[in-house]
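Data block below; observations after.
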Amino acid sequence: MHNESTCCSVSSKNGSSSELKHSWTLEEAQRIYSQPFPELIHQAQTVHRTYFNPNEVQRSTLLSVKTGGCPEDCAYCPQSAHYKTGVERHGVLPKDVVRSKALQAKESGSTRFCMGAAWREVKDGKDFDAILDLVREVRSTGLEVCCTLGMLNESQAQRLKEAGCYAYNHNLDTSPEYYGEIISTRTYQDRLKTLQNVRDAGMTVCCGGIVGMGEGINDRLGLLVQLANQETHPESVPINMLVKVEGTPLAKGDHVDPFEFVRMVATARVMMPRSMVRLSAGRMEMSDEMQALCFIAGANSIFAGEKLLTTLNPGDDHDNKLMQRLGMHYREGSDCSTDVAA
Ligand code: SAM
Ligand code: DTB
Ligand code: SF4
């Protein structure tokens, strides 16, 4: 179903031409999602192979450069000041600490380094200047730089881009209908505005959500419809499984069915064929077999290292062994066009 106004022609890496669609309906997403599992996996894997090496996974390392005490009330988040979670607060980390973490990440095979701050929004001044300095420092190691700092205005997005920030992570988290159940201190529209500012500044967009917050399947698919109907698909789509943190309102959330999670990954792959689909938070609770199914369903990136922002992650020994057992490998090199000497 080609629609001139909502599709764009792209060339795949193997030279054939395909279309990215930006006019998805919930019904179409439901049809993809609810196919028999083998059909869905076959479709997702077929799409995946058109654009990516199916044996390759990109590693991104996260670092919380400003932790805790956030004024927002995101019900999932251990860093919200509204909840007592035991997360230790700290201000913006010094440059030498961040540089050494970035070098370690590079050494262990990561090509992207994502710095997170527990802020509602960026405020101009000393702290933002310090972040810009960190961006320049990490960029000088040759790593692809990503930031996730909360809401940004146009000029802040521009300054980040100029400092060398390649990608900005800002999640929509769930459907517009369910959003109010999870966060009351900002709106979906606020998030969309920041995403537009990121685009306008010329950074790539990393935007996804969380599975396991009590939402229904239609909320999960509603999120995918929102993402896939953006004028440009987010270059990176993190799919998180809720990390249940004691003290947050979602600490006692329901168990996520692994097949439902894999279906979500596969549906994201089919709807956004050229995007990196990131298997993000929640891997501590996933079996190796579940992660393997996610890769087969089209996930092609992980957050690597012992820690996400404040919670635990499987770590290099485990991940390296998993890659080896699956005969898969980490992707080398980055999408960043301007190379900087290490
Ligand atoms: N404060 C900024 C913001 O909210 O955009 C940046 C940091 S925030 C921690 C980044 C993302 O982490 C959130 O948008 C959310 O999707 C994800 N996240 C936070 N806590 C999580 C949890 N317990 N489980 C899974 N994902 C989580
Ligand atoms: C994303 O979607 N997931 C990452 C990254 N983007 C910034 C963060 C996950 C955080 C999990 C909870 C924590 O460790 O604090
Ligand atoms: Fe703050 Fe981000 Fe956590 Fe929400 S997700 S409480 S904005 S750090």
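Model, not experiment: these values are computed from the prediction. Residues take their numbers from the sequence shown, with the count starting at 1. Numbering of ligands and ligand atoms starts at 1, following listing order.
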Distance alone, cut at 3.5 Å: any donor-acceptor contact between the side chains of [X] and [Y]?
{"X": "S110", "Y": "R59", "result": "yes"}
{"X": "Q156", "Y": "D124", "result": "yes"}
{"X": "Q35", "Y": "R31", "result": "no"}
{"X": "N320", "Y": "Y330", "result": "yes"}
{"X": "H90", "Y": "T67", "result": "yes"}

| task | Can you see which heavy atom on R283 is nearest to which on A304, and at what distance? | result |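 Minimum heavy-atom separation between R283 and A304: NH2-CA, 4.4 Å.
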| task | For R278 and S301, work out which heavy atoms get closest and say how close. | result |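 That would be NH1-OG, 2.6 Å.
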| Derivation of the side-chain contact (heavy atoms from CB on, under 4.5 Å) call for H170 and V205 | CA-CA 8 Å; H170 201 63; V205 168; over 6 Å; no
Identify, for [atom], the protein heavy atom at the shortest distance, and state residue, atom and that distance.
{"atom": "atom 24 (N) of ligand 1", "answer": "V243 N, 3.0 Å"}
{"atom": "atom 8 (S) of ligand 1", "answer": "L309 CD1, 4.5 Å"}
{"atom": "atom 7 (C) of ligand 1", "answer": "T148 OG1, 3.8 Å"}
{"atom": "atom 27 (C) of ligand 1", "answer": "I210 CD1, 3.7 Å"}

Check: every ligand 2 N/O to protein N/O pair under 3.5 Å:
residue, atom, partner, partner atom, Å
ligand 2, 2 (O), N171, ND2, 2.8
ligand 2, 2 (O), N240, ND2, 2.8
ligand 2, 3 (N), N240, OD1, 2.9
ligand 2, 6 (N), N169, OD1, 3.3
ligand 2, 14 (O), L309, N, 3.0
ligand 2, 14 (O), T310, N, 2.9
ligand 2, 14 (O), T311, N, 2.9
ligand 2, 14 (O), T311, OG1, 2.8
ligand 2, 15 (O), T310, N, 3.2
ligand 2, 15 (O), T310, OG1, 2.7

| Option whose closest heavy atom lies nearest to atom 18 (N) of ligand 1, chosen from Y76, Y168, W119 |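 Looking at heavy atoms only, the winner is Y76.
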| request: Report the member of R191, M151, R120 with the shortest heavy-atom distance to atom 5 (O) of ligand 1. | output: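 Nearest option to atom 5 (O) of ligand 1, by heavy atoms: R191.
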| message | Applying side chain to side chain donor-acceptor pair (under 3.5 Å), can you list everything that pairs with E285, at least two apart in sequence or on another chain? | response |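 In terms of side chain to side chain donor-acceptor pair (under 3.5 Å), with neighbours along the sequence ignored, E285 is linked to no residue.
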| message | Which label fits F259 and F37: parallel for a plane angle under 30°, tilted from 30 to 60°, or perpendicular past 60°? | response |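 Correct class here is perpendicular.
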| message | Distance under 4.0 Å to a non-hydrogen atom of Y76: what atoms of ligand 3 satisfy this? | response |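 Result: 5 (S).
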| query | Which residues pass the salt bridge (charged side-chain N to carboxylate O under 4.0 Å, His left out) test with E72, sequence neighbours left out? | reply |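 If we apply the salt bridge (charged side-chain N to carboxylate O under 4.0 Å, His left out) test to E72, skipping adjacent residues, the hits are R120, R186.
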| request: Could you tell me if any non-hydrogen atom of G116 lies under 4.0 Å from any atom of ligand 1? | output: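 The answer is no, since G116 has no heavy atom less than 4.0 Å from ligand 1.
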| query | Does atom CD of E260 have more than 12 heavy-atom neighbours from other groups under 6.0 Å away? | reply |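 Enclosed.
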| task | Check if R186 has a non-hydrogen atom at a distance under 4.0 Å from any atom of ligand 3. | result |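 Right, R186 reaches ligand 3.
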| Distance filter under 4.0 Å to N171 heavy atoms, resulting ligand 1 atoms |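 Listed by number with element: 11 (C), 13 (C), 14 (O), 15 (C), 16 (O).
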| Do W24 and I32 touch side chain to side chain, with heavy atoms closer than 4.5 Å? |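 Yes, close enough: below the 4.5 Å cut-off.
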| said: Any non-hydrogen side-chain atom of I210 less than 4.5 Å from a side-chain atom of L223? | reply: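 Heavy-atom side-chain distance check fails, nothing below 4.5 Å.
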| said: Would you say M151 ends up clustered with Y76 if hydrophobic residues are merged whenever their side chains have heavy atoms under 4.5 Å apart, either directly or through other cluster members? | reply: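 Different clusters: Y76 never reaches M151 through Ile, Leu, Val, Met, Phe, Trp or Tyr contacts under 4.5 Å.
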| message | Is there a path of hydrophobic side-chain contacts, each under 4.5 Å between heavy atoms, that joins F303 and V237? | response |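 No, separate clusters.
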| Closer than 4.0 Å: a protein non-hydrogen atom to atom 6 (S) of ligand 3 |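 Given the 4.0 Å cut-off, atom 6 (S) of ligand 3 counts as touching protein heavy atoms.
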| query | How about atom 1 (N) of ligand 1: does it have a protein heavy atom within less than 4.0 Å? | reply |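 Neighbour list for atom 1 (N) of ligand 1 includes protein heavy atoms (cut-off 4.0 Å).
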| task | Answer side chain, backbone, both or neither: which part of L250 comes under 4.0 Å from ligand 1, heavy atoms only. | result |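 Under 4.0 Å from ligand 1, L250 contributes no heavy atoms.
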| task | Between A117 and ligand 1, find which residue part has any heavy-atom pair under 4.0 Å and reply side chain, backbone, both or neither. | result |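 The backbone, only.
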| task | Could you count the protein N, O or S atoms found under 2.8 Å away from atom 1 (Fe) of ligand 3? | result |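 With waters ignored, the protein N/O/S count below 2.8 Å is 1.
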